[in-house]
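Every number for a ligand or one of its atoms is a count from 1 in the order of the listing.
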Amino acid sequence: MTTDCLFCRIAAGEIPATVVRETDTTLAFRDIGPKAPVHILVIPKAHYADVATLAQDDPGLAGAVLATAAVVAETEGLLVDGFRLIFNTGEYGGQEVFHAHAHVLGGAPLGPMVAG
Ligand code: AMP
Ligand code: ZN
C-alpha cells in the first residue's frame, strides 16, 4: 500500500469506486471518465508502478489481472463484438496513474488503435 497512490487507496476502500469484480489479488472498477460505453479499469491490489514492472516482478499476478479483465469483458457482454485492452505505460504511453492498470474498453466500435 502506497498511501499517496490513488489506486492503492481505491483498493484499500479509502476512496469510493464502482467495483464490478473483485478477487483476492485484483479489483475491477468503472473508469471515472469513460472513453467508451464500457470502460473498466483492472488493477492488481498490490502496488506496481506499471505493467512492465508488474510482469517482471510478479508474472502470476500480471496473469491474474488479464484473467480478471477477460471475466469482466464476458460479464459486460463484450465477447461477441469484441473489445480493447490497453496498458498505458510511461510518458509516451500517456500513463497518468502510476499504479499498473488495464483499461477494458468496448460497447461500440473503438476506432483506430492510436490517434493519427
Ligand atoms: P492512464 O492514463 O492509463 O494512467 O489512466 C488513468 C485512468 O484513471 C483515466 O482513464 C482516468 O479517467 C481514471 N481515473 C482517475 N481517477 C479515477 C477514480 N477516482 N476512479 C476511477 N477512475 C479514475
Ligand atoms: Zn498503488
Results of side chain to side chain donor-acceptor pair (under 3.5 Å) for Gln95 - residues two or more places apart only: none
Output for pair (Thr68 OG1, Arg21 CZ), nearest 0.5 Å, gives 6.0 Å
Atom pairs and distances, ligand 1 N/O vs protein N/O under 3.5 Å:
| unit_1 | atom_1 | unit_2 | atom_2 | d |
| --- | --- | --- | --- | --- |
| ligand 1 | 2 (O) | Gly94 | O | 3.2 |
| ligand 1 | 2 (O) | Glu96 | N | 3.3 |
| ligand 1 | 3 (O) | Asn88 | ND2 | 2.9 |
| ligand 1 | 3 (O) | His101 | NE2 | 2.8 |
| ligand 1 | 3 (O) | His103 | NE2 | 2.8 |
| ligand 1 | 4 (O) | Glu96 | N | 2.7 |
| ligand 1 | 4 (O) | Val97 | N | 2.8 |
| ligand 1 | 4 (O) | His101 | NE2 | 3.1 |
| ligand 1 | 5 (O) | His101 | NE2 | 3.1 |
| ligand 1 | 5 (O) | His103 | NE2 | 3.3 |
| ligand 1 | 10 (O) | Asp31 | OD1 | 3.3 |
| ligand 1 | 10 (O) | Asp31 | OD2 | 2.6 |
| ligand 1 | 12 (O) | Asp31 | OD1 | 2.5 |
| ligand 1 | 22 (N) | Ile32 | N | 3.1 |

Walk me through it: do Tyr48 and Phe98 pass the test ring pair (Phe, Tyr, Trp, His ring centres under 6.0 Å)? CA-CA 8 Å; Tyr48 293 89; Phe98 285 82; over 10 Å; no
Under the side-chain hydrogen bond (donor to acceptor under 3.5 Å, both in side chains) rule, what pairs show up with a residue in residues 50-64, not counting sequence neighbours? Asp50-Thr53
Is there side-chain contact between Leu54 and Pro44, with heavy atoms separated by less than 4.5 Å? yes
What I'd like to find out is whether the side chain of Thr26 reaches to under 4.5 Å of the side chain of Ile43, using heavy atoms alone. no
Work out the angle at the Zn ion (ligand 2) between SG of Cys8 and SG of Cys5, rounded to 10°. 120°
Angle subtended at the Zn ion (ligand 2) by His99 ND1 and His47 ND1, rounded to 10 degrees: 110°
Side chains of residues 80-93: which donor-acceptor pairs under 3.5 Å do they make with residues two or more places apart or in other chains?
| unit_1 | atom_1 | unit_2 | atom_2 | d |
| --- | --- | --- | --- | --- |
| Arg84 | NH1 | Pro112 | O | 3.4 |
| Arg84 | NH2 | Gly111 | O | 2.9 |
| Thr89 | OG1 | Phe87 | O | 3.0 |

